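Residue numbers run from 1 in the order of the sequence given. Remember, it's a predicted structure, so these values are computed and weren't measured experimentally.
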Amino acid sequence: MTPASHKKGRHKDDRPPLTRAQLPTDTASLARYLIGKILVRDLPEGIVSGRIVETEAYIIGDAAGHAYRGMTPRNRSLFLERGHAYVYLAYGISTMLNVSSEKPGTGAGILIRALEPLDGIAIMQQNRGTPRLRDLARGPGRLGAALRIDRRLDGLDLCRKGPLWLARGDRKSGDIGQSIRIGISKDTDRPLRFYLHDNPFVSGPRSLNLR
């Protein structure tokens, strides 16, 4: 699979945002729905985008989710209406992008785990400090660095054009696999990770990517 090369001069209007009405109202359903959709970042150097190829759902009442113990100043974006960004710093070094996924006041979300780079590949390479295409956004920490996502984007409406938004996919997403989630210690047996089969940009061990 060969991703699109960087297109100089691509205008942000080429990828209109998804509407909130298009987003499923159930967290797991939304995590599956987002596979194949496009994440777009508007940077001073140009548009950067990638096809979402891997997500994880953190449903209502999920002990592994950040909303499990209720709303705090840190996680309040998870309690916004579905389609808003929840951005947090993991282990003090990696910025993670999540999408709120339920009605206002209900905490749940979806971790965007991996992208297939599409537009602005040269910008991603500079942001990540590597020319390796496969590793630019394969994993949530790499994704955050490649798109230069930081806490200033926390709470952003991803269904509206701005510095970051969700857009419809530009082709059929393909066969979607499902597995347990990666790197958690609670509710570890729930099959709430979704990914695009046979896509080289999906993260995680091979044993999880055959289901």
Close side-chain approach of Leu34 to Ile112, heavy-atom, < 4.5 Å: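 With C-beta onward as the side chain, the pair touches.
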Using side-chain heavy atoms (C-beta onward) and a distance below 4.5 Å, is Leu39 in contact with Leu143?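 In short, these two side chains touch, coming nearer than 4.5 Å.
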Would you say the side-chain atoms of [X] pair up with the backbone N or O of [Y], donor to acceptor, closer than 3.5 Å?
{"X": "Asp42", "Y": "Ile47", "result": "no"}
{"X": "Gln125", "Y": "Arg132", "result": "no"}
{"X": "Ser100", "Y": "Phe79", "result": "no"}
{"X": "Arg41", "Y": "Arg148", "result": "yes"}
{"X": "Gln22", "Y": "Thr19", "result": "yes"}
{"X": "Arg128", "Y": "Asp135", "result": "yes"}
{"X": "Asn127", "Y": "Leu147", "result": "no"}

Does Arg168 form a side chain to side chain contact (heavy atoms under 4.5 Å, CB included) with Arg15? I'd like the steps, not just the answer. CA-CA 7 Å; Arg168 65 179 179 83; Arg15 297 201 187 277; over 6 Å; no
Worked verdict on Tyr86 versus Asn75 for side chain to side chain contact (heavy atoms under 4.5 Å, CB included): CA-CA 7 Å; Tyr86 167 52; Asn75 71 11; 4.0 Å; yes
Before giving the answer on side-chain hydrogen bond (donor to acceptor under 3.5 Å, both in side chains), spell out for Arg138 and Ser203 the whole-Å C-alpha distance, their side-chain angles and the decisive distance to 0.1 Å. CA-CA 5 Å; Arg138 185 171 61 91; Ser203 72; over 6 Å; no
Approximate separation, where rounding is to 0.5 Å, of Ser49 OG and Asp14 CG: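 Spacing of OG (Ser49) from CG (Asp14) equals 10.0 Å.
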[X] and [Y] ion-paired at < 4.0 Å:
{"X": "Arg181", "Y": "Asp62", "value": "yes"}
{"X": "Glu54", "Y": "Arg193", "value": "yes"}
{"X": "Glu116", "Y": "Arg134", "value": "no"}
{"X": "Glu81", "Y": "Arg20", "value": "yes"}

Derivation of the side chain to side chain contact (heavy atoms under 4.5 Å, CB included) call for Ile60 and Thr106: CA-CA 8 Å; Ile60 299 170; Thr106 300; 3.5 Å; yes
Following the transitive rule for hydrophobic clusters with a side-chain heavy-atom cut-off under 4.5 Å over Ile, Leu, Val, Met, Phe, Trp and Tyr, establish whether Leu192 and Tyr33 coincide in one cluster.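 No, Leu192 does not connect to Tyr33 through the hydrophobic network.
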Glu56 vs Arg190, test: salt bridge (Lys or Arg N to Asp or Glu O under 4.0 Å). Steps then yes/no. CA-CA 10 Å; Glu56 284 181 345; Arg190 294 187 176 189; over 6 Å; no
Examine the side chains of Ser77 and Asp154 and answer whether a donor and an acceptor come within less than 3.5 Å of each other.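 Checked: Ser77/Asp154 side chains pair up, N/O donor to acceptor below 3.5 Å.
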Candidates Ile38, Ile110, Leu115 - the one meeting side-chain contact (heavy atoms from CB on, under 4.5 Å) with Ile52: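 The passing option is Leu115.
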For Ser101, run the side-chain contact (heavy atoms from CB on, under 4.5 Å) check against Asp26, Thr25, Leu30 and tell me which one passes.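 Exactly one option meets the side-chain contact (heavy atoms from CB on, under 4.5 Å) with Ser101, and it is Leu30.
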Would you say the ring centroid of His66 lies under 6.0 angstrom from that of Tyr58?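 No, too far apart.
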